[in-house]
Amino acid sequence: MTDYTKPARVRVAPSPTGHMHLGTARTALYDYLLAKKTGGKFILRIEDTDIKRTIPGAEQEIMDGLRWLGLNYDEGPDVGGPFGPYRQTERREIYQQHAKMLVDKGHAYPCFCTPDRLEKMRQEQQKRKEAPHYDGLCRRLSPDEAARRVASGEKYVIRFKMPKEGSTTAHDVLRGDIVIENKNIDDYVILKSDGLPTYHLAAMVDDHLMQITHVFRGSEWLGTFPLHVNIVRAFGWDEPEWVHLSVFLKPSGKGKMSKREAADAIKDGHSIFIKDMQDLGFIPEGLLNWMVLMGWGVSDGDVLTLNDMIEKFDLEHLNPSPAAINFTKLDHFNGTHIRLLPDPELAARIKPYFVKAGYSVKDDVLMKLTPLVKERIVTLDDAVDMAGFFFKENVDPKPEELIAKGLTPAQSAEAARQALAVLNGVNPLTVHAAEPPMRELVEKMGLSAGQVFGILRVAVTGQKVSPPLFESMEIIGREKVLARIRKAIEMLEAMK
RNA sequence: GCCCCCAUCGUCUAGAGGCCCAGGACGGGGCCCUCUCAAGGCCCAAACUGGGGUUCGAAUCCCCAUGGGGGCACCA
């Protein structure tokens, strides 16, 4: 049982090797929730030890993404903290010292095998249908000889010396004890020939030094879990609580999310990259709600704010099985959280999308249109399609769309003329003043509201789908409304 | 090939031996509301992978099978 009264120190430790994706965000969320719930600290650590794969800007994207989501970290590369530095390439010496400690204690050894030899070795093993593994050539070197070759300047790496006998029992919070035969674990490289550590060393050292209490990481680490536990034990350190999170599967449920799937998702208005999500009009509240539920469950109400999540989150309801991504459900949560936003807040969030679409936004109009689009949009940018016409000087309806269902162009024109006559007598043109007489007119003409209002909708907004008609008219203003109806009548009359 | 993990409606999940002929949410279907589109309300269909145990009793515990996933780098 987890003690939620003890402040936890949890970290998210992404590598800056590409766009920040869903998996990182969700791990960060769980980290954040546990930290906040226990009054502990949420830490960002950048694992940039693979210099070849590091991408410029990726680190910034991670920091921006976390902040956009509202997952502010207490310690990290750009905010500092008592356990820094928080960027692994700046901790080089620390790892080298620790690797040496392991060698001195007999838990690790220098290895002089060239990448070339290793490659050939693996190929032969494959040919013999054996599992690829290090053959232990340098493990058998005497410490003296190894030291001599190191001193002579020969290139080397440091490998962890896995016990050959027995088994290792590692404890995962979600899965219980995991027992693995030691012979199945390779002598992994922990310090590379460039002097930088691999994950296996770096993460263990940092988690210890940074006093991490709970390690949330992807289940792809389960395979090397016993190795990590052995490394920690070789140092004589206490282990953190290990929490291996399930991976995300592509929407079909068949396999991990791939580049191909990611590209398809984008076409569809979705993405696994946090940065895209923002552009696509998703809001952090919706995204967070959706993410928290993939791998963790609640028995009652599932519409949750960040504060709700902090209150309800626990380790007991984390789910070890893989979860297929369901973007449709993201749409739902996004729409739901948009509707939960106060109007002024929503207005402020929608505005940039209108600006980006090239509209010059008038704030008073924006404020009036916001409540109208609120319950009709799924993403913020939907507001542009729905309500962009409010910022246009003129609209140009498609002539054929002006014709009401079941009516001829001439009949539609006649309906519009009568509507114009009624509206002409309404001043000011408000919902309250315009709707009752218009409904009377519809009845008098023996037509349906759908028919008449439909004609006016297209005439006034230029769209077949729009916010409610009279509300829209009130915002657009009497003069423009009347002018647009006149123009529509002309267009209808021109159709024979 | 070897190692590890997982297994409840199409999907995300609740369920920690009797409260379950299995609950919620998304999606789907229907109805209501309605000026379009939504939103909202009500209703319906939809699952414990299979087989063995253990037990008075199993979705819940154990074993096997099957299926799915992850890993086997001087990447993380």
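All chains are named by letter (A, B, ...) in the order of the sequence lines, taking the proteins before the strands, and each is independently numbered beginning at 1.
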NA contact type, A/Gln88, heavy-atom cut-off 4.0 Å: base, sugar-phosphate, or nothing?
nothing
Between N or O atoms, less than 3.5 Å apart, protein on one side and nucleotides 4-7 of chain B on the other: list the pairs.
residue	atom	partner	partner atom	Å
B/C5	O2'	A/Arg175	NH1	2.9

Look at the aromatic rings of A/Tyr30 and A/Phe313 and report parallel, tilted or perpendicular, splitting at 30° and 60°.
parallel
Looking only at side-chain N and O atoms, does A/Arg457 come under 4.0 Å of OP1 or OP2 in B/C37?
no
Is there a Watson-Crick or G-U wobble partner for B/A59 with both distances under 3.5 Å, and which nucleotide is it?
none
A/Gly450 near the nucleic acid: base, sugar-phosphate alone, or nothing, with a heavy-atom cut-off under 4.0 Å?
sugar-phosphate
Sugar-phosphate, base or nothing in reach of A/Gly301, heavy atoms under 4.0 Å
nothing
Report the relative orientation of the aromatic rings in A/His214 and A/Phe216; use parallel for angles under 30°, tilted for 30 to 60°, perpendicular for over 60°.
tilted
Ignoring the backbone of A/His317, work out which of B/A25, B/G15, B/A76 is nearest its side chain.
B/G15
Anything under 30° is parallel, anything over 60° is perpendicular, the rest tilted; go ahead and classify A/Tyr156 against A/Phe112.
tilted
Counting side-chain heavy atoms from C-beta on, which of B/U36, B/A73, B/A76 comes nearest to A/Thr49?
B/A76
Is there a donor-acceptor contact under 3.5 Å from the side chain of A/Arg376 to the main chain of A/Leu372?
yes
Return the pairing partner of B/U66 with a 3.5 Å limit on both distances, Watson-Crick or G-U wobble; otherwise return none.
B/A7
SB check A/Lys368 A/Glu471 (cutoff 4.0 Å):
no
Nearest whole Å is fine: how far is B/A73 C1' from A/Leu227 CG?
13 Å
Complementary nucleotide for B/C72 - Watson-Crick or wobble, under 3.5 Å
B/G1
Between B/A76, B/C74, B/C35, spot the one nearest the side chain of A/Arg439, thanks.
B/C35
Shortest side-chain distance from A/Pro468, nucleotide among B/U36, B/C74, B/C2:
B/U36
Paired nucleotide for B/C48 [Watson-Crick or G-U wobble; both distances under 3.5 Å]:
none
Mind checking if A/Pro467 touches a base, just sugar-phosphate, or nothing, with heavy atoms under 4.0 Å?
base
Under a 3.5 Å limit for both distances, which nucleotide forms a Watson-Crick or G-U wobble pair with B/A22, could you say?
none
What are the atom names and distances for every N/O pair under 3.5 Å that joins the protein to nucleotides 27-33 of chain B?
none

Sorted by number, residues from residues 368-378 of chain A placing a heavy atom under 4.0 Å from RNA chain B are A/Glu375, A/Arg376
Quick one: do A/Glu47 and A/Arg45 make a salt bridge, cutoff under 4.0 Å?
yes
Have a look at A/Val247 and say if it touches a base, only the backbone sugar-phosphate, or nothing, with a 4.0 Å heavy-atom cut-off.
sugar-phosphate
Identify whether any heavy atom of A/Trp221 sits under 4.0 Å from a base atom; if not, whether one sits that close to sugar-phosphate; answer base, sugar-phosphate or nothing.
base
Output yes when at least one side-chain N/O atom of A/Arg122 is less than 4.0 Å from OP1 or OP2 of B/C74, else no.
yes
Is there a Watson-Crick or G-U wobble partner for B/G40 with both distances under 3.5 Å, and if so, which one is it?
B/C32
Reckon A/Pro16 touches a base, only the sugar-phosphate, or nothing at all at heavy-atom distances under 4.0 Å?
nothing
At less than 4.0 Å, is any side-chain N or O atom of A/Arg159 found next to OP1 or OP2 of B/C74? Yes or no.
yes
